[in-house]
> 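Pasting a structure below so you can have a look.
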Amino acid sequence: MPKETKTKRATKPRGEKKKKDPNAPKRGLSAYMFFAQEQRDNVREENPGISFGQVGKVLGERWKALNDKQRTPYETKAQEDKKRYEDEKASYNADAEEESG
DNA sequence: GTACTGATTGTTTGT
DNA sequence: ACAAACAATCAGTAC
């Protein structure tokens, strides 16, 4: 059992707005992202003609409905993508340093 | 070192 | 191009 910090989500104005970097390394996709990529087609099949937002809803409901095992294939993808992101950061930081001078 | 915030990713339909 | 809803995750911030 890994350390589980209390990830509380309180709407408290703390800190200033984030700064957008010029070469901001886009973050890797999330398990949910890959999940939607496939479901998006399936969901529409089962729900042909659904309204805007509905798709997203069903997606979320189904997503949670999945088990850790089902998410595995998606979580894995997310990890692979993560690696991608890590690389970008490398380049991002590399350039950032050069920028300095 | 922790708790919290903002940003980011992908998709749907419709104007 | 943007809107809302869904969920996940990192990076930066403040004390």
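Below, read A as the first sequence line, B as the second, and so on, with proteins coming before strands; counting in each chain starts at 1.
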> Hey, does the side chain of A/D81 reach the backbone of A/K77 with a donor-acceptor pair shorter than 3.5 angstrom?
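Not confirmed, A/D81 side chain does not pair with A/K77 backbone.
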> Can you tell which of C/dA11, C/dG12, B/dT11 lies closest to the side chain of A/Y92?
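That would be C/dG12.
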> Determine, stepwise, if the pair A/Y32 / A/L59 fulfils side-chain contact (heavy atoms from CB on, under 4.5 Å).
CA-CA 9 Å; A/Y32 184 74; A/L59 276 165; 3.4 Å; yes
> Side chains of A/V43 and A/I50: does their closest heavy-atom pair fall under 4.5 Å?
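Yes, their side chains come closer than 4.5 Å.
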> Can you tell me if A/Y85 touches the phosphate of C/dA11, counting only side-chain N or O atoms and a distance under 4.0 Å to OP1 or OP2?
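Yes, such a contact exists.
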> Can you list, by residue number, the residues of residues 42-75 of chain A that have a non-hydrogen atom closer than 4.0 angstrom to DNA chain B?
A/R44, A/F52, A/G53, A/V55
> Using atom CG of A/D81 as one end and atom C1' of C/dC10 as the other, report the distance to the nearest whole Å.
13 Å
> Begin from the C-alpha positions of A/L29 and A/R84 and carry the test side-chain contact (heavy atoms from CB on, under 4.5 Å) through to its verdict.
CA-CA 10 Å; A/L29 277 77; A/R84 222 87 190 135; over 6 Å; no
> Just how far, in rounded Å, is C1' of C/dA11 from NZ of A/K89?
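The answer, rounded to whole Å, is 7 Å.
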> What pairs of residues pass the salt bridge (charged side-chain N to carboxylate O under 4.0 Å, His left out) test when at least one of them lies in residues 48-74 of chain A, not counting sequence neighbours?
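The answer is A/E46-A/R62, A/R71-A/E75.
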> Heavy-atom distance under 4.5 Å between the side chains of A/K82 and A/E86, does that happen here?
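Touching, per the 4.5 Å side-chain cut-off.
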> From the list B/dT11, B/dT9, C/dA8, which nucleotide is the closest neighbour of the side chain of A/M33?
B/dT9
> A/R40 CZ to B/dT9 C1': how many Å, rounded?
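Rounded to whole Å, this separation is 15 Å.
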> Quick one: does A/R27 reach the base of B/dT8 with a side-chain donor-acceptor pair under 3.5 Å?
yes
> Measure from CD on A/E80 to P on C/dT9 and round the result to the nearest Å.
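Taking CD of A/E80 and P of C/dT9, I get 14 Å after rounding.
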> Verify the ring-centre separation between A/F34 and A/Y74: is it less than 6.0 angstrom?
no
> Would you kindly give the CD-to-P distance between A/Q39 and B/dT9, to the nearest whole Å?
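After rounding, the gap between these two atoms is 22 Å.
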> Checking contacts here: which listed nucleotide (B/dG10, B/dT9, C/dA8) is nearest the side-chain heavy atoms of A/K26?
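So the side chain of A/K26 is nearest to B/dT9.
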> Name the closest nucleotide to the A/L29 side chain, picking from B/dT8, B/dG10, B/dT11.
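The closest nucleotide is B/dG10.
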